[in-house]
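Each residue takes its place number in the sequence, starting with 1.
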Amino acid sequence: MILTRDPATGAELRHYPSHDDAAVSRALAATAAAARDWAVVGLDERLALLRAVGKLLTERRDEYAALITAEMGKPLTEALAEIDKCAWNCRVVADLAPGWLADREIESGASRSWISYEPLGVIFAVMPWNFPFWQVLRFACAALSAGNAALLKHSPDVTGCALAIEALFTDAGAPAGLFRSLVIEAERVPEVSARIVADPRIAAVTLTGSERAGAAIAQAAGAALKKTVLELGGSDPFVVLADADVHEAAAAAARSRFGNAGQSCVAAKRFIVVDAVADEFVAALLAETPQVGPLARADLRDGAVRQIEQSVAAGARLLTGGTAVDGPGFFLEPAVLDHVTPGMAVFTEETFGPVAAVIRARDDEHAIALANDTEFGLGCSVWGAPDHALAVGRRIRSGALFVNAPVASDPRLPFGGVGRSGYGRELSAEGVREFTNVRTVVIA
């Protein structure tokens, strides 16, 4: 049995019966059967399903947004924006997938040769709670458009969302078994997930989540010789150069860091600011620091408090916030720390909460060294005169580089990281093709 709670109050929301081993086996069988049939369905029909899903998302946006807010605490305006982004993704994939999945002719000297993108089978997805609809829809649109079936193991914290997404696909006309959600208690997740990955009916695995979860899934998939796509943590640098528009940068920094109460892998986390503008940036950031919603769970809030306290003990200066709010729910006052240095918890660890760490750099070279002083490599944002910022940004290791803009995902652009931020790509042509057999065909 799974219990969900309201992060704003701590109150119980609902109990859900979990799937036992027999139910998991039935779900596997259903998705495997659906995958065989879906693989031979024409692309137009597959994409019609995505358009129907997008239409229902728009029609039900209030209902789904309220469910997101109830289960993980996201403010309603942000939850509505999440649903709208899911609907947009459905439209983008439906519009562009014909080009992404079309055969590509290759000149090889043979009478004819080409590359085709063919379905793999059942894709097993392990998804987190922080964007409970978006994380799922961005994977599912790619997998289903490419001709695969999808089996989801969502976070127990958002079980209602997981079941609502399964019903969404069914209501949009998906064949039985094409998209299934498993309901598994947290303590059973490692064992059940490993067994699912090893099952011969699973063709590939995708995970968005922690390094620990990613390593476990990658190990299981490696043993079974199955492809994985991993989108893991981040400690994204947000670099402010001496020629930046400091107030514009600070406003963007606050939106990136404090949106979703800081619970985003791709949010800016380490604010590396050249000394010449550091005082001005800090003052502007403090003026922009907003009120935020609750964190999703008490342990997440307590973990952020621990990182703040350890960093202050190591010499960082806490300028605002940083304490748990008395009363019901899992709220944390948004924190800004200044004079953070390498080795402190908020520098070396991923901060998954409303915690901004300001690191002062002597010059460009020092800023680059600080930005690269991490095992993560998801996104990077650099602010300054465009050519200058681009030149600096190219020397910082990341899966995405944004100049004079905060890092954000876009269905038309690939999304993913390097290093301990994972591998593989989601979204765009690259994301859709991750879930295909890239097949070479030659006619002599």
Side-chain angles (χ1 to χ4, degrees), residues 130 210-212 232-240 249-250 253-275 277-292 294-326 330-362 366-381 396 419-421:
N130 57 331
S210 68
E211 297 169 77
R212 178 182 55 80
L232 308 179
S235 187
D236 285 10
F238 185 106
V239 180
V240 183
R255 292 194 304 272
S256 179
R257 176 64 285 198
F258 298 116
N260 205 35
Q263 300 168 117
S264 171
C265 55
V266 77
K269 297 186 173 80
R270 294 178 300 138
F271 298 91
I272 299 167
V273 188
V274 171
D275 279 332
V277 294
D279 288 342
E280 183 183 1
F281 176 83
V282 168
L285 179 60
L286 288 171
E288 295 282 352
T289 302
Q291 296 297 311
V292 299
L295 276 75
R297 299 192 307 266
D299 63 300
L300 297 167
R301 179 195 59 193
D302 296 344
V305 170
R306 188 266 305 166
Q307 291 173 318
I308 294 167
E309 291 176 344
Q310 289 182 349
S311 299
V312 170
R317 299 181 191 173
L318 180 61
L319 303 183
T320 188
T323 59
V325 177
D326 289 337
F330 312 131
F331 291 88
L332 175 66
E333 295 176 352
V336 176
L337 295 98
D338 196 1
H339 297 282
V340 171
T341 57
M344 293 180 181
V346 295
F347 186 101
T348 59
E349 302 174 14
E350 180 179 29
T351 50
F352 220 68
V355 182
V358 178
I359 303 104
R360 296 179 179 234
R362 295 183 298 273
H366 190 207
I368 292 166
L370 289 166
N372 283 326
D373 187 9
T374 179
E375 294 183 328
F376 295 105
L378 194 52
C380 170
S381 179
I396 298 171
R420 296 192 71 83
S421 289

> Mark yes or no: Arg270 above the aromatic ring of Phe347, with NZ or CZ under 6.0 Å from the six-membered ring centre and no more than 45 degrees from the axis.
yes

> Please, which pairs that meet salt bridge (charged side-chain N to carboxylate O under 4.0 Å, His left out) have at least one residue in residues 256-269, sequence neighbours excluded?
Lys269-Glu350

> Return the CD1 to OG1 distance between Ile359 and Thr341, rounded to the nearest 0.5 Å.
9.0 Å

> Using a 4.5 Å cut-off on heavy atoms from C-beta on, say whether the side chain of Thr320 contacts that of Pro334.
no

> Closest heavy-atom contact between Val266 and Asp236?
O-OD2, 3.2 Å

> Do Gln263 side-chain atoms and Ala296 backbone N/O form a donor-acceptor pair below 3.5 Å?
yes

> Taking all non-hydrogen atoms of both residues, which atom of Ala278 and which atom of Val273 are closest, and how far apart?
CA-CG1, 3.6 Å

> Rounded to the nearest 0.5 Å, how far does CZ of Phe271 lie from CG of Leu337?
11.5 Å

> So, Asn260 side chain and Asn130 main chain: donor-acceptor pair closer than 3.5 Å or not?
yes

> Looking only at non-hydrogen atoms, find the nearest pair between Ala268 and Ser256 and report the distance.
N-OG, 2.8 Å

> With heavy-atom distances below 4.5 Å as the criterion, would you say the side chains of Arg420 and Leu232 are in contact?
no

> Contact between Glu211 and Phe376 at the side-chain level, heavy atoms closer than 4.5 Å - yes or no?
yes

> Set out, in order, the CA-CA distance, both residues' side-chain angles and the distance that settles salt bridge (Lys or Arg N to Asp or Glu O under 4.0 Å) for Asp279 and Arg360, then state yes or no.
CA-CA 9 Å; Asp279 288 342; Arg360 296 179 179 234; 2.8 Å; yes

> Tell me, do Pro354 and Leu295 make a side-chain contact under 4.5 Å, heavy atoms counted?
yes

> Could you check whether any side-chain heavy atom of Phe330 comes within less than 4.5 Å of a side-chain heavy atom of Leu300, counting everything from C-beta outward?
no

